[in-house]
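What follows is a set of notes on a single structure, which appears directly below.
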Amino acid sequence: MAQESLDEVRGWLAEAPRIAVLTGAGMSAESGIPTFRDALTGLWARFDPQQLASPEGFAADPALVWNWYASRRAGVIEARPNAGHLALADYGRRHPGRLGVVTQNVDDLHQRAGSEEVIRLHGDILEDRWFDACRRHARGANVCDPAWAERGSPPACAECGNRVRPGVVWFGEALPVAALDAAERVAQECAVMLVVGTSGAVHPAAGLACSARRAGARVVIVNPQASELDGVAHRRLQGTAAVLLPLLLAEEPLA
Ligand code: BV8
C-alpha cells in the first residue's frame with residue numbers, strides 16, 4: 001500500500017470536522033471472527049449464509065439455524081477487539097463527537113474496545129428475542145420473556161410454543177429505523193467516510209457509502225480485496241483493519 005496514499009488520507013482526516021466509519025465483517029476478521037461469507041466453514045460449509053440468516057431459513061429448520069448462531073455466538077464471546085477496534089475507540093475518546101461508528105456487524109467488539117454510541121445496523125448476535133408475537137400472552141404480559149423459555153435448540157416458550165431467535169436483522173427483514181436514520185445522518189454530515197472490511201454486497205448498509213459521496217464526503221476504502229464499493233471510493237487503501245486503522249488515526253507523524 002503506497003505511503004503517499006496513507007499520508008494523503010491522514011491529511012484528509014486531520015482536516016475533517018466529522019468522520020464516519022462504516023464497518024463490515026472484515027473489521028472483526030483479525031479478532032478471529034470469520035467474515036460473513038467465510039462464516040460457513042466445517043459443519044456449515046454446505047449452507048448459504050443468506051439462507052440461514054433469514055426468517056424462511058429459521059422456519060424451515062429452527063435447530064440448524066439456532067445451532068449456527070450458537071456456534072457464532074461462542075466465537076464472539078471468545079474474541080477480543082483487535083488493534084483496529086482499539087484505534088477507533090481511542091480516536092473517539094480523543095475527539096469527542098467527531099467520529100461516527102456505523103457497523104453491519106452483529107458482534108460487540110467495537111463496544112468492548114470502548115467506542116461509544118455505535119450505530120448497529122444489523123442487530124446483536126448476543127441478544128435473544130421471540131420469533132413470533134406470543135400467542136397466549138403468557139402470564140399476563142404482552143410478550144413472552146426469553147427467560148421463560150424452556151431450554152432447547154431453539155429454546156421455546158413452555159406456554160405457547162413460541163421460539164426464541166437471535167436478535168439480528170435477517171435477510172428480508174427491515175433494519176431498525178432509528179439506526180438506519182442515524183447512520184444516514186452520520187453519512188450526510190461527515191467530511192470523510194472510512195469504509196472498512198465490507199464487500200459492499202448487502203443493502204441498504206452499503207448504500208451509506210453512496211450517501212456520503214453524494215453529500216460531498218471523501219470516501220476511503222480499507223480492505224485487502226476489491227469490493228462492490230470500489231467505484232464509490234476516492235481512494236482504496238489495500239490492507240487490513242488492524243494494520244491500517246492505527247496508522248490512519250495515529251496523532252503523531254508516521255515514522
Ligand atoms: C432489507 C445479520 C427490506 C445476520 C446481516 C438492494 C440491492 C440488492 C439487494 C437488496 C437491496 N435492498 C435489499 C436487498 C436485499 C438484501 C441484500 O442486501 N441482499 C444482497 C446480499 C443481494 N438486504 C436485506 O434483506 C436487508 N433488508 O432490505 O429489508 C425491507 C424493508 C421493509 C420491510 C421489510 C423488508 C437486510 C440485510 C441484513 C442481513 N443481515 N447480518 C447475521 O449476521 O447472521 S448481513 C451480513 O452481511 C453481516 O451483517 C455482514 O456484516 C454483512 C455484510 O457483509 P460484509 O460485512 O461485507 O461481510 P463479507 O463477508 O461480505 O465481506 C467481508 C469483507 O471484509 C470482504 O470485502 C473482505 O475482503 C474484507 N476483509 C477480510 N479480512 C479483512 C477485511 N477487511 C479489512 N481487514 C481484514 N482483516
Side-chain angles (χ1 to χ4, degrees), residues 1 21-41 44 47-58 64-76 79 81-85 87-88 101-110 118-129 165-177 179-181 183-184 194-211 220-230 232-233 236-248:
M1 209 273 317
V21 60
L22 172 64
T23 66
M27 179 75 228
S28 300
E30 286 152 293
S31 296
I33 297 180
T35 63
F36 190 66
R37 279 149 193 79
D38 297 346
L40 292 170
T41 50
W44 317 104
F47 296 103
D48 167 7
Q50 280 171 228
Q51 179 50 32
L52 294 186
S54 73
E56 299 75 18
F58 181 78
L64 176 77
V65 174
W66 178 260
N67 291 332
W68 181 48
Y69 278 93
S71 71
R72 288 174 60 198
R73 210 175 252 192
V76 167
N82 62 52
H85 295 106
L88 287 170
V101 179
V102 180
T103 190
Q104 300 173 82
N105 297 340
V106 292
D107 63 53
D108 59 346
L109 295 184
H110 281 302
V118 176
I119 299 172
R120 310 179 80 155
L121 298 173
H122 296 156
D124 177 356
I125 198 168
L126 301 179
E127 188 194 278
D128 278 343
R129 61 171 206 259
R165 54 159 288 175
V168 299
V169 178
W170 276 333
F171 287 97
E173 294 184 323
L175 275 61
V177 173
L180 191 52
D181 288 350
E184 274 294 347
L194 300 176
V195 178
V196 183
T198 181
S199 59
V202 173
H203 291 265
L208 292 166
C210 308
S211 301
V220 177
I221 284 180
V222 173
N223 195 323
Q225 314 278 339
S227 83
E228 294 186 28
L229 290 172
D230 289 359
V232 179
R236 269 200 69 232
L237 302 180
Q238 190 166 9
T240 68
V243 170
L244 291 185
L245 284 176
L247 295 176
L248 283 170

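No experiment lies behind these values; they were computed from the predicted model shown. Order of listing sets the numbers, starting from 1, for every ligand and every atom in it. The figures that follow rest on heavy atoms only: side chains count, while hydrogens, waters and symmetry mates do not.
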Counting only nitrogen or oxygen atoms and a 3.5 angstrom limit, does [X] reach ligand 1?
| X | answer |
| --- | --- |
| Gln104 | yes |
| Pro204 | no |
| Trp68 | no |
| Val168 | no |
| Gly172 | yes |
| Ala29 | no |
| Ser227 | no |
| Trp170 | no |
| Glu30 | yes |

Using a strict 4.0 Å cut-off to heavy atoms of [X], name the atoms of ligand 1 that fall inside it.
| X | result |
| --- | --- |
| Ala201 | 18 (O), 20 (C), 21 (C) |
| Asn105 | 51 (O) |
| Gly197 | 63 (C), 64 (C), 65 (O), 76 (N), 77 (C) |
| Gln50 | 21 (C) |

Using side chain to side chain contact (heavy atoms under 4.5 Å, CB included) as the criterion, point out the one residue from Arg129, Glu127, Arg73, Arg72 that pairs with Pro166.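 One option only clears the test, and that one is Arg73.
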Partner of Gln104 under side chain to side chain contact (heavy atoms under 4.5 Å, CB included), picked from Thr23, Val169, Thr198, is Thr198
How far apart are the closest heavy atoms of Ser28 and Asn82, and which atoms are they?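 Minimum heavy-atom contact is CA-ND2, 4.1 Å.
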So which heavy atom on Gly200 is nearest to which on Ala206, and how close? O-CB, 3.4 Å
Minimum non-hydrogen distance to [atom], winning option of [options]:
| atom | options | answer |
| --- | --- | --- |
| atom 62 (O) of ligand 1 | Ala205, Pro49, Ser199, Ala241 | Ser199 |
| atom 72 (C) of ligand 1 | Gly26, Ser31, Gly123 | Gly26 |
| atom 37 (C) of ligand 1 | Val222, Leu229, Ile125, Val202 | Val202 |

Measure up the Tyr69 and Trp170 rings against each other and bin them: parallel (under 30°), tilted (30 to 60°), perpendicular (over 60°). tilted
Does any part of the side chain of Leu175, heavy atoms only, come nearer than 4.5 Å to the side chain of His122, both counted from C-beta? yes
So, do Asn223 and Gln238 sit near enough that their side-chain heavy atoms are less than 4.5 Å apart? no
Using the test side chain to side chain donor-acceptor pair (under 3.5 Å), find all partners of Glu30 that sit at least two apart in sequence or belong to another chain.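 Side chain to side chain donor-acceptor pair (under 3.5 Å) check on Glu30 returns Thr240.
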Applying side chain to side chain donor-acceptor pair (under 3.5 Å) to Trp66 and not counting sequence neighbours gives none
As an exercise, state the distance from CG of Leu194 to CG of Leu248, rounded to the nearest 0.5 Å. 6.0 Å
Verdict with reasoning, Ile33 to Leu109, per side chain to side chain contact (heavy atoms under 4.5 Å, CB included): CA-CA 10 Å; Ile33 297 180; Leu109 295 184; 3.7 Å; yes
Say whether Met27 and ligand 1 are in contact under the criterion: heavy-atom distance to a ligand atom below 4.0 Å. no
Tell me the contacting part of Thr240 for ligand 1: side chain, backbone, both, or neither, using a 4.0 Å heavy-atom threshold, strictly below.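 The part of Thr240 near ligand 1 is both the backbone and the side chain.
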